[in-house]
Novice: 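Here's a structure for you.
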Amino acid sequence: MLQKKVHILTYGCQMNVSDSEKIGSVLRGVGYEPSATIDDADMVILNTCSVRSKAEEKIYGILFTMKGRLKRKPNLLIGVGGCVAQQEGERLLQKVPHLNFVFGTHTLHLLPQMVRDAEAGRRVTETGFIDDDHRLDLFPQSGEVAGVTRLVTIMQGCDNFCSYCIVPYVRGREVSRRPGDILEEIRRAADSGCREVTLLGQNVNSYGLQDGAAADFASLLRGVANIDGIQRIRFMTSHPKDISTPLIDCFADLEKLCSHIHLPVQSGSDRILAMMNRGYNRADYLLMVKKLRSVRPDILFTSDIIVGFPGETEEDFQQSLSLLQEVRYSDSYSFVYSPRPETKAALLPDKTGNEEKVERFNRLLALQKKLTIEVQSPMVGKRLEVLVEGAGKKEGQMYGRTSGNRVVNFSAEAGLAGTLQQPLIVRNFQNSLLGELR
Ligand code: 5AD
Ligand code: SF4
């Protein structure tokens with residue numbers, strides 16, 4: 001019999017990238033090998049994101065174009081998973097007649113039966129949340145551990161209910177994976193050549209707090225640092241209100257912990273932060289930044305910022321601009337506010353027009369571009385240590401990232417992947433640095 005093939009399309013965050021790997025591994029168990037191109041596939045899976053409405057709309061567009069593909073290959077199976085699937089459930093099957101199955105963020109482990117049903121011509125939806133007794137089923141062990149860098153899920157879900165955010169509704173309550181399972185996965189990865197791990201979760205610094213997972217986040221970091229072969233540790237995403245003293249201590253004394261933290265601030269205005277239900281104000285945030293810088297002077301900060309939250313005035317927006325300048329982020333990701341179903345903010349009156357929001361967004365982007373160049377500028381003329389990850393931008397180039405998470409391209413042989421190198425930084429571009437190994 002010919003080998004069946006699946007092509008997985010991933011949208012949204014790193015958590016989805018990690019989930020797609022798990023989906024691939026579960027599907028391999030029921031006879032589907034990954035296919036490099038969609039044209040060869042017998043099954044296509046869309047792993048979706050619903051954090052902003054644009055991301056959600058995109059999925060419907062892609063599903064629509066699948067109709068043409070089905071004409072050429074009538075037996076093609078199509079499944080939708082991830083956050084849009086969780087949000088829409090059965091409705092997706094009703095809206096898209098050529099869709100075969102819908103699975104949510106808590107049902108990856110049910111995929112084998114769903115695929116069998118789909119192969120037998122039954123259309124199925126599984127979007128229930130896992131109950132307490134089965135919570136660890138959320139983390140099916142991934143068979144694959146190869147790669148120089150690896151994303152390792154340590155927890156899922158979010159209990160914070162920021163007023164704009166759909167994540168708590170589509171990912172459910174916080175659940176932490178067992179520390180032993182996490183360390184075991186990382187040990188296996190290190191044995192097969194992995195040098196850097198990124199510990200992943202919607203809210204990593206509340207790891208273990210909700211269910212007594214037998215370790216808190218700082219102890220977990222220390223456990224990972226003890227694994228031979230792992231040279232670098234990163235994590236994302238952490239919430240500013242949960243940065244604990246033990247975590248700051250990790251930045252003080254864990255050499256393997258990289259000098260970068262993604263610490264989304266969302267807004268620089270106290271009024272908006274309160275409306276967002278973020279649990280900290282501008283001064284609290286700046287104090288965190290100061291504490292982290294005092295123990296790790298070269299630490300680089302990145303952030304997410306929402307522009308045009310309901311009721312945001314020009315004055316509030318100016319506060320976001322000034323906070324960007326005060327922190328001097330090496331990078332930030334800005335988003336125009338998008339009302340999401342079920343969230344509290346979606347009910348708030350919003351008088352600011354879209355044009356005005358886009359104009360604010362562009363001003364923020366321009367400021368960040370300037371800051372990125374300024375933050376990177378002192379790196380030119382220095383040797384920075386990078387972990388070589390793979391082929392770079394141009395032919396004959398490799399790329400790596402600095403401890404501060406800046407990308408460096410440099411001419412080198414492919415054999416260097418997985419090694420630490422010290423290129424001399426010679427040019428400063430917006431999205432990367434150019435280095436030389438000489
Ligand atoms: N509108 C715009 N941006 C949002 N984000 C989350 N929800 C929304 C929304 N409703 C952004 C936040 C978050 C990032 C992943 O997406 O900045 O940190
Ligand atoms: Fe969403 Fe806030 Fe949870 Fe982040 S912390 S996932 S923004 S609710």
Side-chain angles (χ1 to χ4, degrees), residues 10-19 48-58 82-84 86-87 105 153-176 198 200-207 209-210 217 235-243 261-269 272-280 284-285 288 301-312 316-317 320 323-324 327 329 331-348 350 352 354 357-358 360-361 364-365 368:
T10 308
Y11 304 91
C13 62
Q14 297 287 71
M15 185 62 101
N16 273 11
V17 174
S18 172
D19 279 353
T48 62
C49 169
S50 68
V51 80
R52 287 170 293 277
S53 60
K54 257 195 200 144
E56 187 184 337
E57 284 152 19
K58 194 168 164 178
C83 295
V84 175
Q86 187 66 45
Q87 182 191 311
T105 56
T153 305
I154 63 163
M155 58 87 64
Q156 222 208 100
C158 184
D159 293 350
N160 286 322
F161 292 91
C162 299
S163 64
Y164 52 82
C165 188
I166 198 170
V167 167
Y169 305 95
V170 289
R171 286 271 176 187
R173 297 291 64 71
E174 291 177 2
V175 181
S176 292
T198 302
L200 266 192
Q202 266 82 32
N203 198 10
V204 289
N205 43 0
S206 56
Y207 172 79
L209 297 184
Q210 62 301 102
F217 183 53
F235 58 81
M236 72 182 293
T237 297
S238 45
H239 194 298
K241 78 172 168 52
D242 296 324
I243 300 281
I261 185 166
H262 184 61
L263 200 58
V265 69
Q266 311 296 359
S267 169
S269 151
I272 299 294
L273 284 171
M275 281 162 76
M276 287 177 162
N277 190 31
R278 287 293 286 175
Y280 56 85
D284 298 332
Y285 184 91
M288 265 325 136
F301 291 85
T302 54
S303 192
D304 294 343
I305 292 136
I306 295 178
V307 172
F309 183 83
E312 183 191 74
D316 293 315
F317 174 66
S320 290
L323 186 111
L324 240 68
V327 178
Y329 291 109
D331 219 339
S332 60
Y333 307 91
S334 24
F335 309 100
V336 173
Y337 169 74
S338 158
R340 304 310 292 132
E342 297 189 75
T343 61
K344 285 209 172 121
L347 306 172
L348 295 173
D350 187 3
T352 317
N354 197 48
K357 291 186 181 189
V358 171
R360 284 182 196 167
F361 174 84
L364 197 99
L365 218 61
Q368 183 55 57

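If you're wondering where the values come from, they're calculated on a predicted model, not measured in any experiment. Both ligands and their constituent atoms are indexed starting at 1 by order of listing. For reference, positions follow the sequence shown, starting with 1.
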Novice: With heavy atoms under 4.0 Å as the rule, classify the contact between F335 and ligand 1 as side chain, backbone, both or neither.
Specialist: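 Just the side chain.
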
Novice: Should you measure from each heavy atom of V51, which atoms of ligand 1 turn up under 4.0 Å away?
Specialist: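 Atoms satisfying the 4.0 Å criterion: 6 (C), 7 (N), 8 (C), 9 (C), 10 (N).
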
Novice: Any atoms of ligand 1 less than 4.0 Å from a non-hydrogen atom of Q266? List them with their elements.
Specialist: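 This gives 12 (C), 13 (C), 17 (O), 18 (O) as the contact atoms.
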
Novice: Salt-bridge test for K357 and E312: reply yes if a basic N is under 4.0 Å from a carboxylate O, no otherwise.
Specialist: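 Here K357 does not pair with E312 in a salt bridge, since their nearest N and O are not under 4.0 Å apart.
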
Novice: Output yes when the distance from some N or O of ligand 1 to some N or O of Y337 is under 3.5 Å, and no in every other case.
Specialist: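 Min N/O separation from ligand 1 is not below 3.5 Å for Y337.
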
Novice: Starting from atom 7 (S) of ligand 2, locate the nearest protein heavy atom and write down its residue, its atom name and how far away it is, to 0.1 Å.
Specialist: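 Among all protein heavy atoms, the one nearest atom 7 (S) of ligand 2 is Y164 OH, 3.3 Å.
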
Novice: Ignoring hydrogens and angles, state whether a donor on the side chain of K344 or N277 is under 3.5 Å from an acceptor on the partner side chain.
Specialist: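 No donor-acceptor contact under 3.5 Å links the two side chains.
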
Novice: Determine, using ring centers only, whether F161 and Y169 are less than 6.0 Å apart.
Specialist: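 They qualify: ring centres under 6.0 Å apart.
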
Novice: Among all protein heavy atoms, pick the one closest to atom 4 (C) of ligand 1 and tell me residue, atom and distance.
Specialist: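 In this structure, atom 4 (C) of ligand 1 has I306 CD1, 3.6 Å as its nearest protein heavy atom.
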
Novice: Below 3.5 angstrom, do we get any N/O pair linking R340 and ligand 1?
Specialist: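 No.
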
Novice: Check F361 against S334 and note the closest heavy-atom contact, atom names and distance.
Specialist: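 Scanning both residues, the minimum pair turns out to be CE1-O, 3.1 Å.
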
Novice: Which atoms form the tightest heavy-atom contact between Y285 and L263, and what is the distance?
Specialist: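 Scanning both residues completely, I find the closest heavy atoms to be OH-O, 2.6 Å.
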
Novice: I need the nearest protein heavy-atom contact for atom 10 (N) of ligand 1: residue, atom name and distance, please.
Specialist: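 Closest protein heavy atom to atom 10 (N) of ligand 1: S338 O, 2.7 Å.
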
Novice: Looking only at protein heavy atoms, which one is nearest to atom 15 (C) of ligand 1, and how far off is it?
Specialist: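 Going atom by atom, the protein heavy atom closest to atom 15 (C) of ligand 1 ends up being D304 OD2, 3.8 Å.
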
Novice: Please state which protein non-hydrogen atom is closest to atom 16 (O) of ligand 1 and give its distance, to 0.1 Å?
Specialist: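 Sorting protein heavy atoms by distance from atom 16 (O) of ligand 1 puts R52 NH1, 2.8 Å first.
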
Novice: Which atoms of ligand 1 sit under 4.0 Å from any heavy atom of V336?
Specialist: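 Atoms satisfying the 4.0 Å criterion: 2 (C).
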
Novice: Run the salt-bridge test on D284 and R278 with the 4.0 Å N-O cut-off and return the result as yes or no.
Specialist: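 Salt bridge: no.
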
Novice: Ignoring waters, how many protein N/O/S atoms are under 2.8 Å from atom 3 (Fe) of ligand 2?
Specialist: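 N, O or S atoms of the protein closer than 2.8 Å: 1.
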
Novice: What pair of heavy atoms forms the shortest contact from S18 to T153, and how long is it?
Specialist: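 Reported closest heavy-atom pair: OG-OG1, 2.9 Å.
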
Novice: Would you check if there is a donor-acceptor pair between the side chains of S206 and E174 at a distance under 3.5 Å?
Specialist: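 Yes.
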
Novice: Does any non-hydrogen side-chain atom of S53 lie less than 4.5 Å from one of R340?
Specialist: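 In short, these two side chains touch, coming nearer than 4.5 Å.
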
Novice: Strictly under 4.0 Å, does any heavy atom of R171 approach an atom of ligand 2?
Specialist: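 The answer is no: ligand 2 sits nowhere under 4.0 Å from a heavy atom of R171.
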
